[in-house]
Amino acid sequence: MLMPRHTDITHGLTQRPARISPKYFYDQQGSQLFEAITRLPEYYPTRTETALMQAHAHSIAGVVGPGRTLIELGAGNCQKARTLCRLVQPACFVGVDISADFLEQAVQGLRDEFPALDARALAGDMTLGVALPEDIPRTGRLVFYPGSSIGNFDPPHALGLLAHMRELIDDDGGLLIGIDLPKDVAVLEAAYDDAAGVTAAFNRNVLTHVNRLIGSDFDVDQWQHRAFFNHQESRIEMHLEAVADSHVRWPGGGRRFEQGERIHTENSYKYPLSVFTAMLARAGFAQAQAWTDERGWFAVVHARP
Ligand SMILES: C[S@@+](CC[C@H](N)C(=O)[O-])C[C@H]1O[C@@H](n2cnc3c(N)ncnc32)[C@H](O)[C@@H]1O
């Protein structure tokens, strides 16, 4: 069901337990905090994925091929696109992200580094469907979805999103996607609850953003960060937990939260590679080739229709 943003947020807040979609993490401040997370010693995904792409640069470049139209979903600071552009020299780049100003700055950085590249910023919520500009070539597309961001969706939604990616490409297209694999729980939990408290600040910032979006009066200091691995669902969960009883109001509504009550803000599913490639096949990507690091922590997968 598609809902306007205000209704989407208030609907989630009035559920029991309450929830806020992780897409609301990303205002300008949230995007900057995420960038800081990627540099934390505990946050292995970014450096593992980047190292994988560098270690297998020739083989990835060979499979993808040059001159593609590169479409990155959730492009963020476009740092990984930069690495990929050096490898495969695409003719055109479209970065899609919900964090409009941050994306525009990042795409400008790409234009500065690759003056011959036709680089576009497409701001929007990709879960509502990605509508590419009409002059973006239909053939030779590569959808790039790094960072294991697919893990933020529960499996039925992840499957739907992969099927949408399949619709974005022709039979000659491909998908290059990063997947965080199951691993030691201590490693996983530290990555989402770092010692410096950056992930906590990132999690709490969602309330500042929500206050601005719907006019609510969350007192951010009254919420603490919680992150843990849910074994049954094979996912990291992030929550905000009320430090004290409170009543939160927004125009047209509000609700009471008791001390210890939580708002669920993010899931990050960890799929075994075989489970994920089966999901790719169901979404219309029959052929997959994967590269993994020595520890088996992360995979970069190239898939074809
Ligand atoms: C976990 S970060 C990953 C950033 C970058 N791709 C990387 O791998 O480091 C998720 C990115 O997706 C964007 N994003 C989150 N939800 C989105 C949505 N529904 N539509 C478009 N972009 C979204 C965020 O703004 C953020 O830049």
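None of the values given here were measured: they were computed from a predicted structure. As the structure lists them, so they are numbered: ligands from 1, and atoms in each ligand from 1. All residue numbers refer to positions in the sequence shown, counting from 1.
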Q: Determine, using heavy atoms of Thr127 and all atoms of ligand 1, whether some pair is separated by less than 4.0 Å.
A: yes
(Q) Could you tell me, atom by atom, which parts of ligand 1 come under 4.0 Å of a heavy atom of Glu72? (A) 6 (N)
Q: For atom 12 (O) of ligand 1, find the nearest protein heavy atom and state the residue, atom name and distance (0.1 Å precision).
A: Gly74 CA, 3.2 Å
Q) With the threshold set at 4.0 Å, does a side-chain nitrogen-carboxylate oxygen contact exist between Arg111 and Glu104? A) yes
Q: For Asp125, counting its heavy atoms only, list the atoms of ligand 1 lying under 4.0 Å from any of them.
A: 18 (C), 19 (N), 20 (N)
Q | Val96 N/O to ligand 1 N/O under 3.5 Å | A | no
Q. Do Asp97 and ligand 1 have an N or O pair less than 3.5 Å apart?
A. yes
Q. Is the centre of the Phe34 ring less than 6.0 Å from the centre of the Phe25 ring?
A. no
Q: Give a yes or no on whether the backbone of His157 and the side-chain of Asp154 come within a donor-acceptor separation of less than 3.5 Å.
A: yes
Q: Verify the ring-centre separation between Tyr26 and His209: is it less than 6.0 angstrom?
A: no
Q) So which protein heavy atom does atom 14 (N) of ligand 1 come closest to, and at what separation? A) Ile98 CG2, 3.9 Å
Q) Considering only the protein, which heavy-atom contact is closest to atom 10 (C) of ligand 1, and what is its distance? A) Tyr26 OH, 3.6 Å
Q. Contact between Gly124 and ligand 1, counting heavy atoms under 4.0 Å?
A. yes
Q. If you measure only the distance, is there a donor-acceptor pair under 3.5 Å linking the side chains of Thr265 and Asn203?
A. yes
Q: Check each atom of ligand 1 against the heavy atoms of Gly76 and keep those under 4.0 Å away; list them by number with element.
A: 27 (O)
Q: For residues Leu175 and Ile169, determine if any side-chain heavy atom of one lies less than 4.5 Å from a side-chain heavy atom of the other.
A: no
Q. Without hydrogens or angle criteria, can the side chains of Gln29 and Asn205 be said to hold a donor-acceptor pair below 3.5 Å?
A. no
Q. Do Gln28 and Asp101 have side-chain atoms, one donor and one acceptor, less than 3.5 Å apart?
A. no
**Q.** Test of proximity, Ser31 against ligand 1: N or O pairs below 3.5 Å
**A.** no
Q. Mind checking whether Lys80 has an N or O less than 3.5 Å away from an N or O of ligand 1?
A. yes
Q) Is there any N or O on Phe34 that sits under 3.5 Å from an N or O of ligand 1? A) no
Q. At a 4.0 Å threshold, what atoms of ligand 1 neighbour a non-hydrogen atom of Met126?
A. 18 (C), 19 (N), 20 (N), 21 (C)
Q | Under 4.0 Å to a heavy atom of Lys23 - the qualifying atoms of ligand 1, by number | A | 16 (N), 19 (N)
Q) Is it true that the side chains of Ser99 and Asp97 contain a donor and an acceptor less than 3.5 Å apart? A) no
Q) Under the side chain to side chain contact (heavy atoms under 4.5 Å, CB included) criterion, do Phe93 and Glu72 qualify, and how do the steps go? A) CA-CA 8 Å; Phe93 171 80; Glu72 182 175 3; 3.7 Å; yes
Q: Could you list the atoms of ligand 1 found under 4.0 angstrom from a heavy atom of Gly147?
A: 8 (O)
Q) Any idea which atoms of ligand 1 are less than 4.0 Å away from a heavy-atom of Ser149? A) 1 (C), 3 (C), 10 (C)
Q: Among Arg166, Arg141, Arg138, Arg304, find the residue that satisfies the salt bridge (Lys or Arg N to Asp or Glu O under 4.0 Å) test when tested with Asp171.
A: Arg166
